[in-house]
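Encoded as structure tokens, the structure appears first; notes follow it.
All of these numbers come straight from a predicted model, not from anything done at the bench. Residue numbers start from 1 in every chain, and the chains themselves are labelled A, B, ... in the order their sequence lines are given, proteins ahead of strands.
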Amino acid sequence: MIHVIEEAVGFIPARNTSLTPITVIGTEAIRDGFDGTCIAQALNSREAPGVSELVLNPDAHAGYGAPVGCVMVSPTHIYPGPVGVDIKCSMSLLQTDVHEDDIRDKTVRRALIEAICERTPTGAGKSQRSVAKGRVITEELGRKVCIEGASVEVCEALGIPPEWAERCEDSSHRGHDRTTEALANRLEVLFENNKFKERFPGKMRQLGTYGGGNHFGEAEIVDIVNTPEAKRAAEVFGLKQDHVAFLSHCGSRGLGHDLASNQFKVLEKMFDTWGTPYPADDKKLVYAPLGTQEANDYLDDMAIAANFATVNHMLINALVLEAFQEVLPGTEGHLVYFISHNIARHEKVRDKFQWVHRKGATRAFPAGHFALKETPFYETGHPILLPGNPRDGSMVMAALPGAEKSCYSVNHGAGRSMGRRAAFRNLDQKTVDADFEDYDILHNGRAYPRDEAPDAYKDFQEVLASVEKAGLAHGVARLKARFVIKDASKADD
DNA sequence: ATGTCC
């Protein structure tokens, strides 16, 4: 079914042969590993109205309507499902000046884990502990967070260095008409709903928290790839060889979840009212044609959730830095980058502006891309932050011109190889925990959640090899985990 | 992903 063009590039013909085929990135081992549901979802998504292009990345697996690990492009339609329920789920990396030798001692690492967990809790529904050291999130500030994202005023109110904004893929999102007013207006409409209004203060108190599932914080040792391009990029990114960097994965928490779920419901109702057929009979592929009220509302909700996710990440990084400073006084740190893998962006694809839905996919603009002109990364490409797993490491990459073939996108990590239920059934707790013991990686839980174990995910080296062989990006630095912060409430299930 | 079903 997958036709091979190069070692790690192939295609799947669309069911409707008048459509261009689905681009598939992945070596033979990766291609053989895609499950049937994932391929079916890719075919469904390809034939959905207004979709001009679909890319399946090596980390792809079955998702909500569209596969996690795909890129869906449309000049005319917006698709909430292929953005996902965790709007602007993202990665961020904080580089510290702490040397790896300074955290070799387990006692130091345990103290760091405690100091970080004290400020940035994990788990569903968790809010900030003691409102994270004096930070008070009033309703007014919460509104500003949603409307402005990481603006100077919001950053200053929350103790976030405002200069980190230039280290963001997008530090603030605007509404459907590219104004901030649209978001202010939309928020007023949302507040007319009593449930939203009641839940709003609680949602805002989740700023600076990780949540559950695959979200995590991880202390890493940086190992810069030994090539001239990698060294040059690492210097621009501000990476420090053999020093501790902190990698975070989280998104828009309960707010994004509520806004996304509500949009699915609203659009489904519209489809049913109008008798509009669902793409490939899948309700999860509901859409709104651009220019309609429904599309505008969705784009505004997406921007509000994205702004929240942005400030959430920035605050987590500020709190993590504070935690390091408490345990290791004098620690300095700066944000390397913050980049999403669950968002739709208006980008130039094949010479025209289109909505690029990245569902578990990371933007990959190479050096010289016009959109990077005003950023520090015009000469190198922006950092691409790819979590693998604690045992086998994570990776910082930078895009190559070849990324054009995947609509300037790469994967977002390793990708699941087994579902959560299968992981609980198939993986042995002792074996999972032994990995952490053997590799001397500490974590905050009593046991590591089996559904999040390294072996519940695909072979990260094979995924990375796919990206490199396809010519999409090159490695800049390897990240080696030293401790993990993660919701461990399901570890003993 | 998610006060894991309003």
Length of the CZ-C1' vector between A:F308 and B:dT2, whole Å: 13 Å
Using heavy-atom distances to pick each residue's nearest nucleotide on DNA chain B, tell me which of A:S252 and A:K195 is more 5'. A:S252
Expressed in angstrom and rounded to an integer, what is the separation of A:D258 atom CG from B:dC5 atom C1'? 13 Å
Strictly distance-based, threshold 3.5 Å: is any side-chain N or O of A:R46 a donor or acceptor partner for the main-chain N or O of A:S52? yes
Any base atoms under 4.0 Å from A:G211, or only sugar-phosphate, or nothing? Heavy atoms, all strands. sugar-phosphate
Between A:I116 and A:L319, is a side-chain contact (heavy atoms from CB on, under 4.5 Å) present by the stated rule, with each step listed? CA-CA 7 Å; A:I116 293 167; A:L319 294 169; over 6 Å; no
Scan A:G254 against the nucleic acid and name what it touches under 4.0 Å (heavy atoms): base, sugar-phosphate only, or nothing. sugar-phosphate
Can you check the A:Y210 OH to B:dT2 C1' distance for me, whole Å? 19 Å
Using a heavy-atom cut-off of 4.0 Å across all strands, would you classify A:G84 as base, sugar-phosphate, or nothing? nothing
More than 12 heavy atoms of other residues, nucleotides or ligands under 6.0 Å from CZ of A:R482: yes or no? yes
Distance check needed: B:dT4 P versus A:F424 CZ, whole Å only. 17 Å
Under 4.0 Å, counting only non-hydrogen atoms across every strand here, what does A:R199 touch: a base, just sugar-phosphate, or nothing? base
Without decimals, in angstroms, what is the distance between A:K126 NZ and B:dT2 P? 12 Å
Give the rounded distance in Å between these two atoms: CZ of A:R205 and C1' of B:dT2. 17 Å
In whole angstroms, the gap separating P of B:dT2 from NZ of A:K265 amounts to 17 Å
Donor-acceptor check, side chain of A:T120 to backbone of A:C117, threshold 3.5 angstrom: yes or no? no
Measure the distance from CZ on A:R420 to C1' on B:dT4 and round it to the nearest whole Å. 11 Å
